[in-house]
Each structure stands twice: as structure tokens, then as C-alpha cells.
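Every chain is numbered from 1 and lettered A, B, ... according to where its sequence line falls, protein lines coming before strand lines.
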Number of protein chains: 2
Amino acid sequence: MTTRRATITDVAALAGVSVATASKALNGRDDVRATTRQLVIDAAAQLSFQPNVLAQGLLSGQTRTVGLLTSDMVGRFGIPVLLGAENAFGAGEMAVLLCDARGDAIREQHYIRTLLSRRVDGLIVVGESTDPRPSITKDVPVPVVYAYAPSDDPADVSFVPDDEGGARLAVRHLIATGRTRIAHITGPTTYKAATDRAEGVRETLAEAGLEQVGETLSGAWSQRWGRLAADMLLLNDPQIDAVFCGNDQIAAGFIEAARERGRRVPDDIAVVGYDNWEVLSEETRPTLTTIDPDLERLGHTAAQHLFAAIDGKATPGVHSMPTRLVIRDSTAPGIPDTPWQVSRGGSEA
Amino acid sequence: MTTRRATITDVAALAGVSVATASKALNGRDDVRATTRQLVIDAAAQLSFQPNVLAQGLLSGQTRTVGLLTSDMVGRFGIPVLLGAENAFGAGEMAVLLCDARGDAIREQHYIRTLLSRRVDGLIVVGESTDPRPSITKDVPVPVVYAYAPSDDPADVSFVPDDEGGARLAVRHLIATGRTRIAHITGPTTYKAATDRAEGVRETLAEAGLEQVGETLSGAWSQRWGRLAADMLLLNDPQIDAVFCGNDQIAAGFIEAARERGRRVPDDIAVVGYDNWEVLSEETRPTLTTIDPDLERLGHTAAQHLFAAIDGKATPGVHSMPTRLVIRDSTAPGIPDTPWQVSRGGSEA
DNA sequence: GAAATCACCTAAAAGGTTTTCGTAACGTAG
DNA sequence: CTACGTTACGAAAACCTTTTAGGTGATTTC
């Protein structure tokens with residue numbers, strides 16, 4: 001809580017030059033003698049001068065600020081994306097204005113207006129599921145990039161996790177470790193994430209000439225459903241030797257129930273989860289092999305493409321971002337087929 | 001991606017008045033005829049005019065923007081605080097610039113400079129633990145409010161959860177439900193949160209004339225430690241009828257291990273957790289009675305006090321924010337002493 | 001009929017920075 | 001000594017909005 005902040009006028013006065021010269025000296029432009037430049041720099045340091053970004057932006061029309069519009073920060077998936085994006089912004093000299101519309105379209109409109117009146121250079125919209133969401137690109141005079149939830153307009157720039165590819169990774173890993181009787185438990189079919197992953201399972205098994213054990217079991221994304229599905233599955237199809245679960249919570253529930261039914265994981269049944277939600281995947285017993293959608297990278301990439309779009313180099317289309325297989329103990333420890341781990345999850349502090 | 005944005009000059013021209021009149025008309029000031037005002041408003045709507053906040057800020061010296069400096073967004077506690085703060089900002093016409101210093105002091109300094117050059121009206125600093133952190137208030141010409149982690153300067157404005165009070169709530173609840181042989185398992189003593197809660201336990205038991213069973217067991221904040229501690233406790237002090245755990249993960253581990261050892265929860269042993277981390281507290285079997293530190297409210301309150309401070313009405317000191325007891329099934333279902341639940345946690349979507 | 005009042009509107013300045021253009025000083029070539 | 005190029009600096013415009021002070025015309029008052 002000190003006094004008024006120094007302006008470039010103050011700096012110029014202290015250095016005994018005009019504001020124009022001071023500006024040029026501070027911005028490293030030519031046409032200013034080295035000694036004069038140093039004089040100005042010293043003066044600026046002495047006053048701890050910092051250029052007023054508002055004035056700069058007013059003039060240049062660029063604010064070096066982007067808006068980050070999230071539809072529901074409470075959820076688990078928005079945060080890592082946001083984090084990755086913020087990360088990319090911080091690297092440059094960009095700043096990010098955060099708005100959480102909390103799934104409310106009215107609120108979203110309000111925030112869009114607010115962000116525009118603040119003259120953001122671009123917008124990144126992060127959704128809470130992989131289902132397409134309404135495009136806002138046409139209502140907005142700046143570039144927009146969609147992360148996690150793609151825009152429903154394929155001409156927009158969207159980044160989504162490759163759920164189908166993730167499922168492939170999981171199933172291939174199970175097959176590689178010698179499993180052949182593989183089941184799939186997942187979340188509500190109303191989620192594109194669930195159907196995409198199921199499709200990945202189907203295709204990969206077909207390619208390997210294997211048949212999926214039972215139908216894909218769809219329920220909630222919860223541990224409870226994982227336990228329930230495990231009971232059903234172990235009753236109806238006791239011969240299974242592996243199960244790929246649509247998320248880590250289902251997997252955790254499955255492992256718990258399977259153990260109570262006397263099935264050993266991974267010896268009798270291998271289990272793969274999805275999301276690599278470490279509070280769960282590292283706390284199950286055994287720890288959980290899972291697919292990491294690498295959301296932080298997704299957010300980072302989305303942000304970088306927003307920069308590109310701001311520079312006029314947009315990359316339209318829906319881009320699928322690769323996922324990673326994180327091998328832990330719930331699948332075949334020490335099986336010779338997979339001598340090298342693709343990736344091993346670190347431990348939390 | 002349209003053309004140049006309209007300025008108030010365009011609006012004035014279209015309405016056939018001067019910019020001054022246009023400004024007054026749009027800002028609801030006097031000295032403008034109703035018909036003229038409507039003319040201007042229509043023109044503004046037609047051009048979808050939005051005042052340039054940069055120009056407004058340049059003039060008024062206020063940006064209606066605050067910086068939100070978080071030390072580690074990856075952690076669990078920063079997010080709800082952030083959410084509550086964002087919530088409070090959105091209600092007014094404030095916007096929030098998000099910066100994640102990721103626990104790095106250098107980075108933090110950098111962000112502070114960035115935020116200041118953007119002329120934020122205030123700063124809210126959210127930490128990742130309840131341990132005091134270095135004050136930055138003196139380096140900064142705008143009001144600062146600390147949330148979750150207090151400033152080490154007691155003259156600053158800080159908001160922290162009342163961990164001691166939370167522990168009191170937990171222990172009183174256990175006593176009220178008829179438990180008398182109560183143990184406490186918690187996290188590392190290097191955390192103020194752990195020692196504060198332990199102190200709350202000690203005092204409350206003393207007030208009730210009860211003796212704590214065994215020493216407070218300090219370990220990691222993990223489910224693993226909860227299981228381990230359960231084994232130790234059940235071996236050394238088999239007579240316990242309740243345990244208060246320093247967080248929900250420890251509690252989840254405890255419940256798991258206790259069940260494996262044949263102890264029924266809550267019939268034989270009641271368990272209370274801390275944090276109300278719903279992915280855990282609602283998925284344990286039985287569901288977990290726990291203390292909700294109400295972090296979202298903490299963030300909200302901090303933001304509101306930042307507004308007050310910006311208006312010159314600062315409220316110095318470290319403010320303890322009350323916690324809530326969330327009763328679920330791990331403590332005495334249907335015990336007559338507590339006919340009304342203080343609060344019941346909702347379920348996740 | 002002149003003066004005072006009123007309602008409505010405009011011109012201009014202010015806010016901080018960057019950039020363009022102008023200009024002064026100086027050196028060099030003719 | 002003139003003409004011109006170079007170097008270093010300064011004046012002023014531009015960005016967009018709000019506010020203050022002032023101005024115009026119409027109406028009222030004595």
C-alpha cells in the first residue's frame with residue numbers, strides 16, 4: 001500500500017530525456033545512445049517503473065490476455081486441462097482470465113461478453129465431458145480453441161483425448177500379457193467417452209481374433225457400480241481372466257469385489273482402469289494399471305494452438321490427443337512379454 | 001473472427017450525437033433526453049458496442065480485476081478455495097487473473113510483477129497447507145488477502161480453516177454418540193493442520209473428562225498409513241470404540257483394515273474423517289462421517305474481504321473459518337443423542 | 001423586451017504508452 | 001562554404017473512454 005505508481009513520464013523526467021526517448025531506451029529500440037539508454041534504465045529501476053499494460057494494450061489492440069472459459073471446474077477433468085493451459089500461458093507473457101460458467105449457458109454468455117469487453121486476444125473453452133458442445137466461435141471476434149469437449153462445428157479448433165486409442169492401448173496390453181478372456185465394464189452409454197472406449201475394445205479384440213466376454217456392462221462411473229458389475233460378471237462369466245474398466249473408480253470397485261470373492265488380482269484376473277486418477281490408482285491393492293489421458297498435455301497443446309491461431313495460423317478440426325498406458329501391479333507383474341514399462345506413475349508427495 | 005470492434009465514436013456517429021452524449025446515455029447519467037438516450041442505446045445495440053475496459057481502466061485507475069496467485073493448483077485444497085473466490089468475483093463485475101506459481105518463489109515473484117503491471121486492484125494468495133507463508137503485502141501497492149495458508153505477518157488479512165474447531169466437532173460428535181475410548185490417527189507433525197487437529201482432540205477429551213486412547217499416531221496423509229495405523233492400534237489398544245482420523249484417506253484405510261480384522265464399523269468402532277473429500281467419503285463402506293472445512297466458503301469470504309480492502313475497509317488479522325460436521329454411516333446410525341443431522345453430504349452426479 | 005433559468009448537448013482534456021515524423025547537431029564530401 | 005547524410009532526440013498523434021466546463025437555444029420571469 002504505497003503511493004502512486006511511476007509512469008514513463010516520471011522515468012523520463014528523472015533521466016532528463018523525453019518520454020519518447022525513454023520509451024525507445026526501455027524497449028531496446030535503435031536511435032538512442034548507449035549512455036542515454038543506461039541513464040533511462042537506471043531511472044526506471046530506481047522508480048521501479050512498470051509499463052502500464054492497459055495503455056500498451058489500448059494502443060496495440062493486443063492485451064496479451066486470453067480468456068479461459070470452463071463449464072464446470074468442480075469436475076475432475078477440467079482442472080488438469082486448465083493447469084496445462086495455464087502452464088503454456090505462463091511460459092510466454094500471456095495472462096489468463098478465468099471464468100467458470102458452471103454448466104449454465106446464460107452464465108457462459110455473460111462471461112463471454114465480459115471477456116470480450118476486456119479485449120482478450122483469444123478464448124479457450126474447456127468442457128467437462130468429451131461430448132461435443134455448442135460452438136461459440138461465430139459469436140466472437142477472436143480465435144477460440146476447444147479443449148476436452150470439442151465444438152459441434154468441425155471447422156472449429158478442438159482438442160480431445162483419444163478415448164478409442166486409449167482403449168486399444170489397454171486391450172493390447174492385456175493381450176500382450178497373455179490374457180484372452182477379456183470383459184469390459186464402463187459408464188453410462190450417454191457418455192461419448194463410454195461408447196468410444198467400448199468401440200476401441202471391440203475393434204482391438206476383433207483384430208486379435210478374440211471375442212469379448214459378455215456384453216459391455218454400462219452403469220455409473222462409480223466404485224459402487226464397479227463392485228456390482230464385478231459380482232454380476234463373476235457369476236455369469238466366471239472364466240474371465242481380464243477386465244478393462246471405463247474408469248479408475250469402477251476398476252477400484254471391481255478389484256475390491258473380486259478380492260472379496262476370492263479372485264486374485266492380477267494372478268486370476270488382470271484389471272486395467274482409465275484416467276490415472278492417482279489418488280485411486282496408487283491406493284488400490286494391487287496398484288492399478290490404467291490409461292492416462294494426459295490431460296495436462298492436452299491443455300498445454302490447446303493453449304499453444306490458441307497462440308498460433310492468434311497469430312493467424314489456425315489449425316481447424318478435431319484433434320485427438322494420444323493417451324499413455326501406465327503399468328502398475330494390477331496387470332501381470334513380471335510377465336516376459338512386456339519387459340519394458342511404457343511409463344510408470346510417480347508417487348504423490 | 002469478424003471486423004474491427006465498434007467504439008463509442010461509431011455509436012455516437014450512428015446516433016447522430018457527440019461521444020460525450022453517447023457516453024452519458026449509455027452510463028445512465030443525467031442531462032440527456034429520454035428519446036436521445038434511446039437513440040444511442042439502439043445504435044450501441046446495432047453495432048453490438050462494448051466499452052473498452054482498457055480505456056476505462058486507464059482513466060479511472062481501476063481495472064476491476066484481481067490477481068489470484070496459487071502456490072500449487074495440483075493439490076486438492078487450492079481448487080475449492082479458488083472456486084469459491086471465482087464465484088464471489090463473478091457475482092460482481094470483477095474478473096480474475098489466474099497464476100499458478102507451483103510452489104516456486106521465483107515464479108511467484110515473476111507473477112506478482114506481471115499482475116502489477118496489469119494493474120490489478122487486489123491480490124488473493126491461496127496456499128496449499130495451513131502453515132504460514134511469507135508475506136508479500138509490503139512489496140505490493142494493492143491490498144492482499146491470504147486464503148488457506150495465512151501470511152506470517154499477523155497484520156495482514158488471512159483466512160484459514162479452523163482445524164482445532166473441526167477436531168472439536170468430530171470428538172464431540174463421537175462423545176455424543178456414546179463413545180468413550182477414542183483414538184486419533186493423523187498426518188505428519190510437520191503439518192500445522194495435523195498438530196492443530198491433535199490439539200483440538202486433546203482439549204475436547206480433557207473437557208469431557210476422557211483420556212485419549214494411546215498417543216496420537218502420526219504418519220502420512222495416505223490410505224496406506226491408515227491401514228497400517230489401524231493394524232497397530234487394533235493390536236495395542238483393542239479396546240477402542242472410536243477413532244478420529246486426520247483426513248479422509250487415512251479414515252478410508254482405517255475402515256478397510258478394520259473390516260479385514262473383523263471389526264464392524266460403526267457397531268464396534270466409529271470412524272470420523274476430515275476434509276469431506278466426497279470421492280472418498282461417499283465411497284467407503286460404510287460411508288464416512290467427516291469434517292467439511294468448507295473451503296469454498298473460505299475462498300468466497302476471502303474474496304469478499306478483498307473487495308472490502310480495495311474499498312479501504314481492510315480487516316487485518318488471521319480469521320478462522322468454521323467447519324461443518326457431515327454425518328454419514330461410519331458413526332452410530334440412529335443413536336438417540338443426535339436426532340438431527342448437522343448436515344448431510346449430497347451425492348455426486 | 002431584457003434578463004434569468006433550464007434542459008440538453010458538445011468540445012476538450014485526461015489517462016500512459018508507443019510510434020511516426022520532424023529537427024537539431026554534427027561530420028563529410030564537393 | 002554549401003549540400004547532404006547520419007545520429008540522437010523530442011513533439012505530437014493515436015488508442016478509447018469519461019468527465020468537466022462551457023455553450024446554445026428555448027422558456028420563464030419581472
Side-chain angles (χ1 to χ4, degrees), chain A residues 3-41 43-44 47-65 93 113-114 116-121 141, chain B residues 3-41 43-44 47-65 93 113-114 116-121 141:
Chain A
T3 60
R4 199 179 61 86
R5 290 180 258 218
T7 74
I8 200 171
T9 312
D10 304 327
V11 175
L14 181 59
V17 298
S18 72
V19 284
T21 305
S23 173
K24 282 182 280 198
L26 292 174
N27 292 311
R29 294 173 52 93
D30 290 347
D31 289 352
V32 48
R33 202 163 33 186
T35 59
T36 310
R37 185 187 305 277
Q38 195 55 51
L39 217 61
V40 172
I41 291 177
L47 298 175
S48 66
F49 165 73
Q50 293 210 302
N52 185 326
V53 175
L54 271 63
Q56 290 178 320
L58 190 55
L59 203 52
S60 68
Q62 296 246 323
T63 53
R64 307 198 63 73
T65 306
E93 288 296 283
R113 261 198 296 280
T114 301
L116 289 183
S117 83
R118 286 178 185 273
R119 296 298 189 269
V120 292
D121 293 338
Chain B
T3 58
R4 200 179 59 85
R5 290 180 257 220
T7 75
I8 200 170
T9 311
D10 305 326
V11 175
L14 181 59
V17 298
S18 72
V19 285
T21 305
S23 172
K24 281 184 284 197
L26 292 174
N27 292 310
R29 292 172 54 92
D30 288 347
D31 288 351
V32 48
R33 199 163 30 187
T35 58
T36 310
R37 185 187 304 278
Q38 196 54 51
L39 217 59
V40 173
I41 291 178
L47 299 175
S48 66
F49 165 74
Q50 293 212 302
N52 186 325
V53 175
L54 271 64
Q56 290 178 320
L58 189 55
L59 203 51
S60 67
Q62 296 247 323
T63 54
R64 308 199 64 72
T65 306
E93 288 296 283
R113 260 199 298 279
T114 301
L116 289 183
S117 83
R118 288 180 184 270
R119 297 297 189 270
V120 292
D121 293 338

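Contact check, A:Q56 against C:dT17: no side-chain N or O comes under 4.0 Å of OP1 or OP2.
Between the side chain of B:T63 and the backbone N or O of B:R119 there is at least one donor-acceptor pair closer than 3.5 Å. Judged by distance alone, with hydrogens and angles left aside, the side-chain atoms of B:R5 form no donor-acceptor pair with the main-chain N or O of B:P51 at under 3.5 Å.
What separates CG of B:L54 from C1' of C:dG15 is a distance of 12 Å, to the nearest Å. Residue B:R29 contributes atom CZ, which lies 15 Å from atom P of C:dT10 at whole-angstrom precision. Between the CG atom of A:N52 and the C1' atom of C:dG16 there is a distance of 6 Å, rounded to whole Å. Atom C1' of nucleotide C:dG15 and atom CD of B:Q62 are separated by 14 Å, given to the nearest angstrom. If you measure from atom CG of A:N27 to atom P of C:dT17, you get 10 Å, rounded to the nearest angstrom. One atom, CG of B:L26, and another, P of D:dT19, lie 13 Å apart when rounded to the nearest Å. Spacing between atom CG of B:D30 and atom P of D:dT20 amounts to 13 Å, rounded to whole angstrom units. Computed from coordinates, the B:L58 CG to D:dT17 P distance equals 12 Å when rounded to whole Å.
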Please set out all donor-acceptor pairs under 3.5 angstrom arising from side-chain atoms of residues 14-26 of chain A, sequence neighbours excluded.
unit_1	atom_1	unit_2	atom_2	d
A:S18	OG	A:A20	N	3.4
A:S18	OG	A:T21	N	3.2
A:S18	OG	A:T21	OG1	3.1
A:S23	OG	A:N27	ND2	3.3

Per-nucleotide protein contact string for nucleotides 7-14 of chain D (B base, S sugar-phosphate only, - none; heavy atom under 4.0 Å) | -SBBB--B

Could you check B:T65 against B:R118 for side chain to side chain contact (heavy atoms under 4.5 Å, CB included), going step by step and ending with a plain yes or no?
-> CA-CA 9 Å; B:T65 306; B:R118 288 180 184 270; over 6 Å; no

Could you walk me through whether B:V11 and B:V40 pass side chain to side chain contact (heavy atoms under 4.5 Å, CB included), step by step?
-> CA-CA 7 Å; B:V11 175; B:V40 173; 4.1 Å; yes

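Between A:N52 and A:T7, the closest side-chain pair of non-hydrogen atoms is not below 4.5 Å.
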